[in-house]
Amino acid sequence: MVLLPCYDPSMEKVVTIHRSHEEAEKADNAYYRSLTPEQRLDILLELTKPDETQPRLERVYRIVELSQS
């Protein structure tokens with residue numbers, strides 16, 4: 001089995017223009033149906049991979065005392 005990287009900077013970028021959101025959705029669905037399961041999985045793993053360039057948000061907790069009325 002050969003694993004290829006999902007992102008290729010030399011990949012040709014293509015822009016398509018659609019007349020409606022429904023037409024664009026159908027084109028997206030057709031594109032993803034044309035991919036192999038391995039290609040779909042590669043895309044999923046690339047999208048869910050943590051981004052090391054962005055620092056993680058720090059968790060902050062605040063304790064607030066409620067006033068008695």
Side-chain angles (χ1 to χ4, degrees):
M1 177 196 301
V2 177
L3 296 176
L4 300 175
C6 185
Y7 175 73
D8 183 3
S10 65
M11 184 176 12
E12 178 184 356
K13 296 177 182 169
V14 177
V15 176
T16 57
I17 299 174
H18 302 281
R19 295 179 189 267
S20 66
H21 291 291
E22 292 81 15
E23 185 180 321
E25 187 72 25
K26 286 180 184 178
D28 283 345
N29 291 340
Y31 168 73
Y32 287 113
R33 273 194 307 271
S34 72
L35 296 176
T36 65
E38 290 81 14
Q39 289 171 319
R40 292 182 207 155
L41 184 58
D42 288 342
I43 291 171
L44 173 67
L45 294 175
E46 184 69 27
L47 290 173
T48 58
K49 182 173 67 172
D51 186 7
E52 290 83 22
T53 62
Q54 294 287 332
R56 293 187 60 159
L57 294 175
E58 184 176 333
R59 292 185 182 191
V60 178
Y61 298 98
R62 181 181 306 154
I63 299 175
V64 178
E65 291 186 24
L66 298 174
S67 62
Q68 297 180 5
S69 51

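Quantities reported herein were computed from a predicted structural model and do not represent experimental measurements. This chain uses plain numbering: 1 for the first residue, then up along the sequence.
- For the atom pair CG (Leu47) and CG (Asp42), the distance works out to 11.0 Å, reported to the nearest 0.5 Å.
- Glu23 has no carboxylate O lying under 4.0 Å from a charged side-chain N of Lys26, or vice versa, which leaves the two without a salt bridge.
- Just one of Gln39, Arg33, Glu38 meets the side-chain contact (heavy atoms from CB on, under 4.5 Å) condition when paired with Leu35; it is Gln39.
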